[in-house]
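Beneath this line is the structure, given in structure tokens, with notes to follow.
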Amino acid sequence: MITPLAKELNDILGGTTAGDLLSDVGNRLYFPKGIIAQSGEAKKLGKTANGTIGMTVINGTPVTLKSIQDQVPGLTSRELVAYAPTAGNPDLRALWKEAIIKKNPLLKDKAFSLPALVPGLTAGISYLSDLFLDETKGLIAADPSWDNYVLIASARRNADFVQFPMFKDGKFNIDGLVATMKEQAKKGSVRVLLNFPQNPSGYSPTVDEAKRLVAEVKSLAEKGTKVMVWCDDAYFGLAYEDDIEKQSLFAYLADLHPNVLAAKIDGPTKEDFAWGFRCGFITFASKGMTEAQYDALVKKLMGAIRSSVSCSSTPPQTLLLKAFQNPETEAQKAEYRKVLEKRYHLVKDFVKGHSSKEITALPFNSGYFMSFATKTVDAEVLRQTLLNESGIGTISIDSRTLRVAFSSLEEDKIEIVYKAIYETADKLSSL
């Protein structure tokens, strides 16, 4: 059922690509003018007393157990235990938007939404699926890809999960992606998820490849196809080769064509080494969308947040805001990125100097991971053998893909691990 509040948002989005691409749930979602909205009004106008929020307050301040407060003496009780706004701390959202522009200079004079905070990038993918996927609206992604994509798109939303081979002849398979998008375009619209640096391969497009990707999306849009691109930028900024495109595809897609809607899913989880904080952002952009239309789309997203977790956890938002305001943070991040880059080069050098009749390293140049494609041995068998015989943990993404997170390998373990992978794979293939 489409409620009056949902219809109001749908009417504002009418005529936009965002409105046209909404799923069944997306059309029904709205942000209620209920407890949260009424509490917001009370904060501004309730000078006598505020009886709106279910918190215990003494002298105008939320109470905190001393056993909790003593562990984080640098935070006030409000920074620690008070509810956060549905779309996140507004100061943190504003800072993240500034950071996006700084990392992607092409966005400096382009209009895009204020990032909305979500409880992790997985939640971001799930909310986008709520808004834009259903039984008639599928999602394109690479093969191989992170296993959570198909779980969210197919198991949760019952949408078609259409994959294209990520690589062909040892190179990024743009032709395969384009062919898949054109096939989906026959159904009237396209939704494609592009994750760079990619999980599990650890690949990012070169400058030339990124240009071609953007040109192909524009070509589809110019032919009348509504195209939505999900830019999963979980590992953004972790590029280890000079020819890699340094800006997010989102920066190029933001004002590409009125028929193109871009969504950027990113956050400090990987970029800022804060994995368990479960803090991410969703940002939208489409040429010609007005501020009111962005606001309506974000309200749809807020409806998805409100109806699932209500709001994200307050302490991570407080800690991140303070960290982003600290001038030493960038230098600290740079040090850890050097650690990752060194591990990458050690792995790259090892792979270049070794060959196998059974496994081939997929192209990799960035991020946290790299993967091997197996020829005859099941990747799960290889994983179990490595674990049981050598005490080495890896991940079998599917029957022919073994992922290794070099991010978590100490430098003195890299040769040991990769030597065992090559030897075990060849041993299994000869059985």
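Just so we're clear, the structure is a prediction, and the values are computed from it rather than from any experiment.
For the atom pair Arg93 CZ and Leu321 CG, the distance stands at 13.5 Å (nearest 0.5 Å).
Relative orientation of the Phe164 and Phe172 rings is tilted, given thresholds of 30° and 60° on the angle between their planes. Between Tyr368 and Trp275, the ring planes lie perpendicular to each other; the angle is over 60°, past the 30° to 60° tilted range.
In this structure, Tyr344 has its ring center closer than 6.0 angstrom to the ring center of Phe364.
Residue Phe273 qualifies as enclosed at atom CZ: its count of foreign heavy atoms under 6.0 Å is above 12.
With respect to the salt-bridge test (charged N to carboxylate O, under 4.0 angstrom), the residues Lys322 and Glu79 qualify. Ionic pairing of Lys103 and Glu98 is not present here: no N-O contact between side-chain nitrogen and carboxylate oxygen is shorter than 4.0 angstrom. Classification of Lys7 and Asp11 as a salt-bridged pair holds, one side-chain N sitting under 4.0 Å from a carboxylate O.
A cation-pi arrangement is present between Arg403 and Phe369, with the terminal nitrogen or guanidinium carbon under 6.0 Å from the aromatic centre and inside a 45° cone about the axis. Cation-pi geometry between Lys97 and Phe112 is met: the NZ or CZ atom falls under 6.0 Å from the ring centre, inside 45° of the normal.
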Handout entry: CA sep, side-chain torsions, deciding dist, call: Leu5, Glu8, side-chain contact (heavy atoms from CB on, under 4.5 Å)
Key = CA-CA 5 Å; Leu5 287 175; Glu8 180 181 336; 4.1 Å; yes
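Scanning for side chain to side chain contact (heavy atoms under 4.5 Å, CB included) contacts around Pro197 gives Ser204, Tyr235, Ser366, with sequence neighbours left out.
Between the Lys299 side chain and the Leu29 main chain, no donor and acceptor come within less than 3.5 Å of each other.
Looking at Ser248 and Asn104, their side chains never bring a donor and an acceptor atom within 3.5 Å of each other.
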